[in-house]
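Some notes on the structure that comes next.
Here is the naming used below: chain letters follow the sequence lines, and residue numbers restart at 1 for every chain. Quick caveat, the model's predicted, so the values are computed rather than measured.
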Protein chains: 2
Amino acid sequence: MGAVHSSSLALSTDPRFVPVTSTLPPCVSKVSKSKSNSSLFGRTRREDKILGPPVSIFTSTVAQNSIFSESLPLKCARFEMGTKNDEVAGKPTLGFVEIDQDLVDKMVYDALVWSSLHGLVVGDRNVKISGKVPGVGLVHAPFALLPISFPESHFREACELAPIFNELVDRVSLDGKFLQYSLSRTKKVDAFTSRLLDIHSKMMESNKKYEIRLGLHRSDYMLDEQTKSLLQIELNTISSSFPGLSCLVSELHRSLLNHYGETLGLDPRRIPANAAVSRYAEALAKAWIEFNNPKAAVLVVVQMEERNMYDQHWLCSVLRERYNVRSIRKTLAEIDAEAKLQPDGTLLVGGVPVAVIYFRAGYTPNDYPSESEWRARLLMEESAAIKFLDNKEDIAKVRKCFAGLWSLEDPDIIGKAIESPELFVMKPQREGGGNNIYDGNVRETLLRLQREGTEEDAAYILMQRIFPTISPTTLIRDGICYKDHAVSELGVYGAYLRNKENLIVNEQCGYLMRTKTSSSNEGGVAAGFAVLDSLYLT
Amino acid sequence: MGAVHSSSLALSTDPRFVPVTSTLPPCVSKVSKSKSNSSLFGRTRREDKILGPPVSIFTSTVAQNSIFSESLPLKCARFEMGTKNDEVAGKPTLGFVEIDQDLVDKMVYDALVWSSLHGLVVGDRNVKISGKVPGVGLVHAPFALLPISFPESHFREACELAPIFNELVDRVSLDGKFLQYSLSRTKKVDAFTSRLLDIHSKMMESNKKYEIRLGLHRSDYMLDEQTKSLLQIELNTISSSFPGLSCLVSELHRSLLNHYGETLGLDPRRIPANAAVSRYAEALAKAWIEFNNPKAAVLVVVQMEERNMYDQHWLCSVLRERYNVRSIRKTLAEIDAEAKLQPDGTLLVGGVPVAVIYFRAGYTPNDYPSESEWRARLLMEESAAIKFLDNKEDIAKVRKCFAGLWSLEDPDIIGKAIESPELFVMKPQREGGGNNIYDGNVRETLLRLQREGTEEDAAYILMQRIFPTISPTTLIRDGICYKDHAVSELGVYGAYLRNKENLIVNEQCGYLMRTKTSSSNEGGVAAGFAVLDSLYLT
């Protein structure tokens with residue numbers, strides 16, 4: 001038995017991704033990204049923003065223009081949609097002509113009912129207790145009324161990448177020295193990173209073998225209108241959020257198209273099957289079996305308050321109903337108070353042995369308000385339980401990159417950026433968003449740096465600017481229907497399980513589609529909000 | 001095609017029910033009953049209290065003693081339960097010894113999660129909009145943590161009565177003259193009854209034939225500790241409320257016992273299967289088939305605000321998913337505005353022909369604030385649509401009775417009541433509860449009436465006093481766990497469908513168990529609240 005540290009890096013093997021030169025200094029951690037402020041919960045979603053260990057970056061910057069949402073209680077304002085082969089604002093749309101307003105109202109009503117009956121719910125942000133006590137302050141999860149159209153070839157491409165990324169994450173995470181080296185710069189400036197790396201060093205020194213390795217990853221992509229290609233936005237080295245709710249949205253959309261598809265000219269069979277929650281539960285159950293202690297449970301490390309708890313509960317519910325595997329939900333502080341390590345490495349929580357530790361907290365400094373939480377983290381790392389982390393990781397920082405990412409040492413790319421600044425974003429090498437440079441300012445800044453010839457250029461990187469497909473969309477939140485232009489991000493789940501040399505699971509595990517209203521071409525800021533969505537293959 | 005008027009009466013054939021003498025004046029309408037004030041919604045539930053046509057009575061009075069609930073956020077106070085064969089306060093309890101408090105907490109948490117994921121929800125009474133817009137202001141439906149123990153023989157008895165009551169309701173409702181006669185006294189004092197009877201007269205005069213007759217009934221019972229018998233509380237000549245949610249509670253309890261049953265010494269298989277929503281949907285679908293118009297829909301007549309909408313939505317959801325039958329939800333005012341009657345009797349609502357009208361409103365004067373609602377009601381009655389009403393009906397008033405119900409003309413029963421007044425309740429023949437006479441006062445009043453020899457005795461009836469089984473119970477509402485002593489009421493659903501002489505459906509359709517905290521021996525008043533429950537056969 002061993003502990004998994006799929007905690008750090010994944011490398012892109014997509015040939016479209018341009019390698020960063022080896023001299024490029026690592027991007028700073030916690031660079032905010034466009035989706036940071038447009039979470040499914042109407043506030044910055046920590047779990048979406050920074051998933052630990054420490055370094056979370058993004059590799060592409062999203063350019064978008066938007067019309068701000070107008071709020072329309074239940075009755076949607078008429079929403080002009082393009083015809084099947086039309087383009088709205090130059091973007092492809094779902095294949096239906098102007099939906100009759102009465103029909104939209106009916107579909108919205110049905111969708112809200114469906115969500116309530118089928119557990120597509122979250123805690124209501126207006127009800128404080130909703131993040132702590134289940135069953136109260138429930139509200140439907142925000143969702144798009146209809147699936148977003150998406151090219152089938154790109155969807156397949158994303159699915160095929162899943163097992164490749166699974167394996168890459170596993171390989172990289174085995175290379176402890178490499179991880180320490182590549183995060184050494186961040187360690188100096190980031191106390192949180194530093195403490196996590198200290199724990200990592202300790203584990204390396206103890207020479208414990210992590211024989212059972214479980215990874216639940218999700219790779220996120222956007223369609224780039226300029227290159228007509230699928231560009232990776234980030235790779236979450238875990239079951240990030242929404243394996244539970246994402247399946248439900250696919251089902252919701254299928255149910256709507258079963259009833260209204262004929263009228264809309266849409267075929268429900270073009271919504272791909274989505275078994276994210278089943279597959280993740282299966283992977284967890286298989287890891288639990290490898291641990292080989294029938295009395296053991298899965299420990300879910302949770303935050304004090306979690307309005308997205310039902311997404312997590314769906315996973316635990318399937319685990320229990322289908323595999324009879326119990327889970328225990330504990331905060332880090334509770335683990336510090338209740339957990340004990342036995343001489344053989346078995347972690348006991350409340351007397352129950354832990355087979356698998358599933359982190360849905362612990363990836364942000366906010367989760368460690370005192371030494372108690374750090375003690376709990378060390379204890380879990382020292383245990384024999386199978387761990388996997390709820391992480392988003394900087395990949396570009398180390399060796400490879402996703403969509404284009406360049407240091408300013410490359411005169412070719414600088415020339416190209418001066419010539420076509422609209423295709424690039426200049427990002428300062430420091431924390432926080434909102435300081436990106438776009439369009440004409442890219443040219444001006446580059447020319448100034450060339451003139452001055454100082455070292456200041458090391459403070460910037462150039463990134464390929466992503467122009468995601470923007471579509472008119474109907475989004476529902478808090479029972480209110482909005483029409484807006486929106487961009488979508490496809491996440492593809494993957495699961496990986498290995499016991500010593502024996503590869504047990506390496507597969508694609510369903511998908512997550514998120515659609516968010518677009519509002520700003522500032523890479524670090526996007527107003528509006530995000531909803532769950534599914535896809536309609538074209 | 002025809003219209004059903006299963007609108008009025010059901011007669012008890014239970015030999016234990018003592019017939020009322022034919023000279024007994026009918027009980028007045030809308031006598032409040034013990035459960036009126038202890039609804040599942042924390043306020044008087046109109047649908048539970050008075051289900052039209054006009055006359056709603058109850059035939060038995062519930063005697064109960066209670067400890068008021070103490071509110072314990074999430075953590076329940078320790079709750080002393082009896083052992084398997086023990087009696088708590090002389091009452092049988094579920095077969096487990098003192099449940100460990102940690103276990104109670106775990107079960108409460110799991111039950112709240114289960115409810116949220118599986119649509120066991122209602123609109124939150126603290127969120128105004130929750131009765132109008134689906135998907136917002138959701139809260140778990142109140143429920144008992146564990147099923148209530150119930151003798152298998154009595155459960156079977158109740159199930160076997162269902163088809164008998166179905167047929168009785170059908171037969172009685174065919175006798176229009178009888179209905180007019182038996183409600184003639186009420187008509188004089190109750191304007192609402194009067195208007196409904198006017199519509200009924202009009203329909204009789206028009207001589208329209210109601211060839212397709214659909215009845216969705218629910219007969220409610222309590223276990224009487226004194227007689228150890230199952231006593232009927234009332235007969236709802238319709239799908240009253242909770243065919244949707246009642247099944248879910250059975251499933252919830254089964255799920256809890258699947259996981260905790262071994263520890264508790266309880267067998268999940270002893271919770272009877274409950275297919276109320278499937279069977280009701282099937283009956284509705286069969287009625288829809290008889291109507292024989294594939295474009296037709298089921299019209300659900302609803303109140304303006306309905307926090308129990310998800311119970312109704314479950315039924316409509318199964319109808320649609322399983323039988324592809326659409327439903328339309330409309331208030332009476334909307335029907336007045338949108339509905340049209342075609343020359344052949346077809347009712348169109350928004351251009352859609354209506355096959356079946358399912359009343360979940362229209363049974364109380366509150367539902368008729370203006371002439372608009374009355375016009376809608378008449379229009380529906382005149383239509384060829386299959387109607388069935390969401391009614392509770394006085395049965396005792398006509399020929400037979402449920403639990404003991406006597407006029408004061410019978411000297412034997414008066415002698416018995418003077419001898420054992422604690423076994424009876426004296427009820428004044430007028431509207432409103434809270435004026436019942438109990439215990440020593442029964443004797444005193446009877447003796448006074450005997451002395452005075454006036455006609456005043458016609459103003460009273462004597463009723464058998466029911467002593468329902470009181471059990472210590474753990475009840476969950478708004479995420480808060482309460483321990484209290486509670487009484488339970490079993491409802492057994494029945495469905496009946498006939499087309500001319502062809503009997504299509506006559507069956508028992510699952511059950512509803514409601515448990516309410518007990519607080520008062522005043523028949524018309526009970527504080528505390530009611531929760532959904534299921535039963536554990538013993």
>> As an exercise: rank A:Gly244, A:Ser116, A:Gly119 by heavy-atom pairs under 4.5 Å with chain B and give me the winner.
In response: A:Ser116

>> As an exercise: rank B:Arg326, B:Lys106, B:Arg320, B:Glu321 by heavy-atom pairs under 4.5 Å with chain A and give me the winner.
In response: B:Arg320

> When the ring planes of B:Tyr109 and A:His313 are compared, do they come out parallel, tilted or perpendicular, using 30° and 60° as the limits?
Replying inline: perpendicular

> Testing A:Leu117, A:Val113, A:Val108 for side-chain contact (heavy atoms from CB on, under 4.5 Å) with B:Pro134, which one passes?
Replying inline: A:Val113

>> Heavy-atom cut-off 4.5 Å, strictly under: side chain, backbone, both or neither for A:Asp110 against chain B?
In response: side chain

>> If I compare all heavy atoms of B:Leu138 with all of A:His140, which pair ends up nearest, and what's the gap?
In response: CD1-N, 4.5 Å

> Checking heavy atoms, do the side chain of B:Ser115, its backbone, both or neither come under 4.5 Å from chain A?
Replying inline: neither

> Which region of B:Val121, side chain (C-beta onward) or backbone (N, CA, C, O), has a non-hydrogen atom less than 4.5 Å from a non-hydrogen atom of chain A, or is it both or neither?
Replying inline: side chain

> Who are the salt bridge (charged side-chain N to carboxylate O under 4.0 Å, His left out) partners of A:Arg279, not counting sequence neighbours?
Replying inline: none

> Would you say B:Ile129 has more than 12 foreign heavy atoms packed within less than 6.0 Å of its CD1?
Replying inline: no

> Which residues satisfy the side-chain hydrogen bond (donor to acceptor under 3.5 Å, both in side chains) test with A:Thr263, sequence neighbours excluded?
Replying inline: none

>> Heavy-atom pairs under 4.5 Å with chain B - which of A:Gly135, A:Ala111, A:Ala141, A:Cys316 has more of them than the others?
In response: A:Gly135

>> Quick check: under 4.5 Å, non-hydrogen atoms only, which of residues 251-259 of chain B neighbour chain A?
In response: B:Ser255, B:His259

>> Counting only non-hydrogen atoms closer than 4.5 Å, can you tell me which residues of residues 331-339 of chain A sit against chain B?
In response: none

